[in-house]
Amino acid sequence: MKTVLNALLFCLIMLPATLLAQSTATGTVTDKANAMPMPGVNVIIKGTSRGTVTDFDGNYSIELSDGEVLVFSYVGYTTQEIVFTGQTRIDVVIEEDASILDEVVLIGYGSVQKEDVTGAVDLIKAEDFNQGPVVSAQQLISGKIAGVSVTSGSGAPGEGQNILIRGNGSLSLSSNPLIVLDGIPLDNGGVGGSRNPLNLINPNDIENMTILKDASATSIYGSRGANGVIIITTKKGKDSEFKFNATTSTTVHTSVDRVNVLNANQFRDIVTNHPNADATTIGLLGNSNTNWQDEIYQTAFGQDHSFSALGSLYGVPMRASIGHSDHDGNLIGDNFQRTTASLNFSPKLFDDHLKLDISARGNYTENVFADRGAIGNANTFDPTQAVYDSSSQYGGYFSWIDSSTGQQPNLAGTNPVALLNLRDDTSEVRRYILNVKADYKFHFFPDLTATLSAGIDESNSHGRTIVSELIPTSNLTWNGSRSSYVNESSNKLFDAYLTYNKSLNDKHNITAVAGYSYQSFEYDNFSYDSEAEERAIADPSAGIDFEFIDKSKNVLLSYFGRLNYDYDGKYLVTATLRADASSVLNPEDRWGYFPSVALAWNINNEDFFNSKNINELKLRLGYGEVGNVNGLDPYLFLTRYTGSESSANYQFGNTFYQTYRPNPFNKDLRWEVGNTFNVGLDYSLFDRRISGSVNVYQKLTKDLIASASVDPFTNFGSEVKSNIGDMENRGIEFALNLVPIKTEDFEWSVNYNIAFNDNEITNLPFVQETGGVSAGTGNNVQLHAEGEAPYSFYVYQQVYDTSGNPIEGAFVDRNGDNVINDSDKYIYKDPYADIIMGLNTNLSYKKWDLAVVTRANIGNYAYNDVSAGNSYLNGVIPTSNNFLSNLHSSYLDNGFISQSNENTFRSSHYIEDASFFKIDNITLGYTLDNAIKNVTLRLYGSVQNVATITDYNGLDPEITGGIDSNFYPRPRSFVFGVNVDF
């Protein structure tokens, strides 16, 4: 019996070991392309954390049980799975992922594989876009591309973005890149009442964005691509079962900071001890402690919803989507609502010889614009006063009263809360785009494809501003006002081109494109002003216009051609020529011819090149010319006439007649031309765990269009647009993509980009002052000058005491003549960063994902207009003893007394280093596969505008143009969202 028990006990002890018996499998992993062993391949047992990696010779050894699945994975290669059934040796051959190798890049009127690109081109796909509260398309790529700067105009919801590719491209024309949406070059001007022309696109509809940076890449678009091109490709239908996607998110927008002004107690001390204050002045002080900035800002909420369906409808690939966004602004009363819809069909006919792409996209936006004048007024309004006054004649809002008129004093600031609540500024914007593209591959000549593309982009807006009769004002006859406008724009496009594609002996590959393009832009604007109408009714003979009509049209006619030649995947040549004729120029100078050529050498495809660690090594060299008239007003070469103001009408007898005078014109106005030279290197190492590019460029712009003075009596004005200068941009760009860790459960990727840019005006006959500021009257603090960066600050050099404090009115006599005048001003810094950087990292662990987006600008400066115009003791009592104004807290440091010296506003003291490092976005997500059958659910939380590290003393160092005048602060936004695929 005992023997039996012992035997049974032995069996029970050994049973688990028997059940868990494991075998050892060994093998070698090799690369299919060259039959070489693959070191570093991950060999993981599926569903576990058990695994190993292959050694230097591609060998591995792992213990596992029957039925378990081995997963072989490596970056840039297809993943293989093998079920273990007792094999002692498992050798695996893996091959490069064709989807990576054959990645297609759009280059305008065609596409090439990524490895065949010859110009400076960057592709960013949907999975790499910025996440979080993204309302406009431009925000998707901020900080992602070397040399591309994206800056929001303000913190208002749906606000437009300023995009610069490789620095500032012009002095007076637009420096923004051309945006091409599914083949249609968009009109970036927009219509009145539109916050941002690109609000027509729901960011969830975008598949990828291609950025063309150098002239060899952009010249196929001619003059429209003078400042670079961003090609937006939206998602299309697929020949598959229908799949659906629904996304929803809720956002909380919080204000981050406040302008530093005196609080109520500090203000009382200043007024009480002011040398010019008397009992009447002190009697103006109130008993409240009001933070006016807290009164005008709020915690705002927003929501975004979208739904899309894609698949095959009766054999035709299609996709449809609808989206809605509703965001309040931090400035009370601000609101942005947008509804978008899109529909796309991609049928193929005649055995796929005819491919159609039919797209329709619509957008309806409702805007409520809060009065941004409240921002400046909140910084200067007396903090000792209450917001409301029950005895006030102005709707119960506190207001200063001039005892002699019974109205608000002429120069007194208006209660900022009253500005927000007693003024309604609204608009509705409608926009739709319809595009039809047909590609026909000839049956009798399949190497030749004919393409026809026609599109229309229509916009219209209706807006009105209604100001209540209760708003505080010094106008004795004020009874309220209403102004309105109706704007319409139409952008029509027709393209026709032939594409010849031929491969000879598997060595010679030729693609040739030749075509014609016609694009017209028409504008029809109407506006109305009720106050002007009242004046016209009161004095019919004055000839006052209260309605204004403005119509215009300009046309771009083009012929273009491109030749791509590829020899054996090693040597690549791209040659392009575009001829543009623009109606904004005179007939004699209307045509411009813009050539480009680019060469590339795929060194890694050479027979002599045999490196296991270098997957791609391509050298690029390109040169191109591109014209520019973007943003130039039409008809400047023609004599145009302007009606006289009512105060300047001509009296004949007892009747006053409106007269007309000619405007300045320039019949010799011609193309502004940019010549770009680019040298680049694309690289990929260690089986694409490291990849990126380096670009060195120089852009010389000649015949700059800018305002030029004219001799007296030679034209009909003192200034006219002319071709008068040259400018140079030069720089270096570096991009690095790194995958330090990649296993079955965990992946870490890093993207870093840095760009150095130097922008200089190399020829300008005379300096041009610009950069008007609110401080003082008629002051400019910037200029364009030969040998300097455009928009350089032009100021007096401040003198400081031994403690480092500025001495009021004391400036360096730079020319030594013992007089401080304009001759002593000097160039001091500029608003554009010398270095821009982006650092983005993504981590995923099993079902968790984390993305962090950061940016930095170094070498950009800003003029602190808020401090400059409001930090003088005498500004507390601006005119007489009938109102008070608050001060910027910088007064406590500088102790400035008087505003009488206008030079003080043009002091270098107010030019501040605005370099910054920003954590733009942090997003954390969790994905539930098959949360419900065939449903994938992703939950995520995001924070936008997380932190800014800077020495700048204003609200935000990122100021477009470099002049900080009561900036609408960017919010910090918290988002919770859900994404469902089913």
Inset, instruction - Output, in order, the C-alpha distance, side-chain angles, deciding distance and verdict of side chain to side chain contact (heavy atoms under 4.5 Å, CB included) for Arg423 and Ile466. - result: CA-CA 6 Å; Arg423 181 177 182 270; Ile466 302 172; over 6 Å; no
Legend entry - Any residue meeting side chain to side chain donor-acceptor pair (under 3.5 Å) with Tyr485, in chain and number order, not counting sequence neighbours: none
Inset, instruction - Quick one: pull up CD1 in Ile206 and CD1 in Ile232 and give me the separation to the nearest 0.5 Å. - result: 5.0 Å
Legend entry - salt bridge (charged side-chain N to carboxylate O under 4.0 Å, His left out) partners of residues 189-199, not counting sequence neighbours, each pair once: Arg195-Asp334
Legend entry - Nearest-0.5 Å distance that lies between atom CD in Gln519 and atom OG in Ser582: 11.0 Å
Legend entry - Donor on one side chain, acceptor on other, Thr250 and Gln303, under 3.5 Å: no
Legend entry - Polar side chain donor-acceptor pair, Thr414 to Gln408, under 3.5 angstrom: yes
Inset, instruction - Work out which heavy atom in Ser399 is nearest to a heavy atom in Pro472; give both atom names and the distance. - result: OG-CB, 3.5 Å
Legend entry - Between Glu672 and Ser170: side-chain donor-acceptor atoms closer than 3.5 Å: yes
Legend entry - Donor-acceptor side-chain pairing of Thr234 and Asp205 below 3.5 angstrom: no
Legend entry - Whether Ser484 side chain and Gly463 backbone form a donor-acceptor pair below 3.5 Å: no
Inset, instruction - Evaluate the salt bridge (charged side-chain N to carboxylate O under 4.0 Å, His left out) criterion for residues Glu366 and Arg430: first the C-alpha distance (whole Å), next the side-chain angles of each, then the deciding distance (0.1 Å), finally the verdict. - result: CA-CA 9 Å; Glu366 292 183 349; Arg430 302 161 187 84; over 6 Å; no
Legend entry - Donor-acceptor side-chain pairing of Glu488 and Asn525 below 3.5 angstrom: no
Inset, instruction - Classify the ring geometry between Phe398 and Trp400 as parallel (under 30°), tilted (30 to 60°) or perpendicular (over 60°). - result: perpendicular
Legend entry - Side chain proximity check, Phe381 to Asn886, heavy atoms < 4.5 angstrom: no
Legend entry - Short side-chain donor-acceptor distance under 3.5 Å, Asn344 and Ser359: yes
Legend entry - Side-chain (Asn335) to main-chain (Val368) donor-acceptor, under 3.5 angstrom: no
Legend entry - Result of checking Pro157, Ser194, Ser427 against Asn367 for side chain to side chain contact (heavy atoms under 4.5 Å, CB included): Ser427
Legend entry - Beyond-backbone contact of Phe967 with Val866, side-chain heavy atoms, under 4.5 angstrom: no
Legend entry - Check: Gln944/Asn921 side-chain N/O donor and acceptor closer than 3.5 Å: yes
Inset, instruction - Please tell me if the side chains of Ile296 and Leu420 come closer than 4.5 Å, counting only heavy atoms from C-beta onward. - result: yes
Legend entry - Check: Trp478 main-chain N/O paired with Glu469 side-chain donor or acceptor under 3.5 Å: no
Legend entry - Test item: side-chain donor near acceptor, Thr426 and Asp424, under 3.5 Å: no
Inset, instruction - Among residues two or more places apart or on two chains, list those pairs meeting salt bridge (charged side-chain N to carboxylate O under 4.0 Å, His left out) that have a residue in residues 956-971. - result: Arg855-Glu958, Lys918-Asp956, Lys918-Glu958, Asp956-Arg970
Legend entry - Backbone of Val429 reached by a side-chain donor or acceptor of Ser461 within 3.5 Å: no
Legend entry - Asn363: partners by side chain to side chain contact (heavy atoms under 4.5 Å, CB included), with sequence neighbours left out: Leu200, Arg338, Thr340, Thr365, Arg431
Legend entry - Ring center gap for Tyr388 and Tyr397 short of 6.0 angstrom: yes
Inset, instruction - Please determine if Asp294 and Arg258 form a salt bridge, counting it only when a charged side-chain N lies under 4.0 Å from a carboxylate O. - result: yes
Inset, instruction - Please confirm whether the backbone N or O of Asn176 pairs with a side-chain atom of Ser174, one donor and one acceptor, at under 3.5 Å? - result: yes
Inset, instruction - Compare all side-chain heavy atoms of Phe526 with those of Phe548 and state whether any distance is below 4.5 angstrom. - result: no
Inset, instruction - With sequence neighbours left out, write down each residue that passes side chain to side chain contact (heavy atoms under 4.5 Å, CB included) with Ile963, or none if nothing qualifies. - result: Val773, Val781, Gln782, Tyr863, Asp865, Ser965
Inset, instruction - Verify, without hydrogens or angle tests, whether Ser255 (side chain) and Tyr297 (backbone) share a donor-acceptor contact under 3.5 angstrom. - result: no
Inset, instruction - May I ask you to test the Tyr518-Leu556 pair for a side-chain heavy-atom distance under 4.5 Å? - result: no
Legend entry - Ser175: which of Asn227, Asn168, Asn628 passes side chain to side chain donor-acceptor pair (under 3.5 Å): Asn168
Inset, instruction - First locate atom CD1 of Ile375, then atom OH of Tyr968, and finally report the distance between them rounded to the nearest 0.5 Å. - result: 7.0 Å
Inset, instruction - Nearest 0.5 Å please: distance from the CG atom of Asp457 over to the CD1 atom of Ile433. - result: 4.0 Å
Inset, instruction - For Arg224, enumerate each residue passing the salt bridge (charged side-chain N to carboxylate O under 4.0 Å, His left out) test, keeping only those at least two apart in sequence or located in another chain. - result: none
Legend entry - Glu547 backbone acceptor or donor facing Asp529 side chain under 3.5 Å: no
Legend entry - Polar side chain donor-acceptor pair, Thr251 to Ser973, under 3.5 angstrom: no
Inset, instruction - Go through the steps for Asp304 and His327 under the test side chain to side chain contact (heavy atoms under 4.5 Å, CB included), then give the verdict. - result: CA-CA 8 Å; Asp304 297 276; His327 287 262; 2.8 Å; yes
Legend entry - Student check: side-chain heavy atoms of Ile141 and Ile230 closer than 4.5 Å: yes
Inset, instruction - With the side chain counted from C-beta on, respond yes when Ser942 and Phe974 share a heavy-atom pair under 4.5 Å apart, and no when they do not. - result: no
Legend entry - Worked check of side chain to side chain contact (heavy atoms under 4.5 Å, CB included) between Ile471 and Leu419: CA-CA 7 Å; Ile471 200 165; Leu419 283 177; 3.9 Å; yes
Inset, instruction - Can you measure from CG (Asn435) to CD1 (Ile184) and round to the nearest 0.5 angstrom? - result: 4.0 Å
Legend entry - Short side-chain to backbone donor-acceptor contact, Asn630 and Ala226, under 3.5 Å: no
Legend entry - Test side chain to side chain contact (heavy atoms under 4.5 Å, CB included) applied to Asn554 and Glu522, step by step: CA-CA 7 Å; Asn554 67 81; Glu522 297 182 54; over 6 Å; no
Legend entry - Backbone N/O of Asn204 and side chain of Lys235: donor-acceptor pair under 3.5 Å: yes
Legend entry - Asn870 and Asn379: side chain donor to acceptor below 3.5 Å: no
Inset, instruction - Heavy atoms only: give me the nearest Pro831-Pro790 pair and the separation to one decimal. - result: CD-O, 4.5 Å
Legend entry - Gly329 backbone acceptor or donor facing Gln298 side chain under 3.5 Å: yes
Inset, instruction - Evaluate the side-chain proximity of Ser583 to Lys553: yes if any heavy-atom separation is below 4.5 Å, no if none is. - result: no
Legend entry - From OH (Tyr364) to CD (Glu428), nearest 0.5 Å: 5.0 Å
Inset, instruction - Scan side-chain atoms only and decide if Asn491 and Asp187 contain a donor-acceptor pair under the 3.5 Å cut-off. - result: no
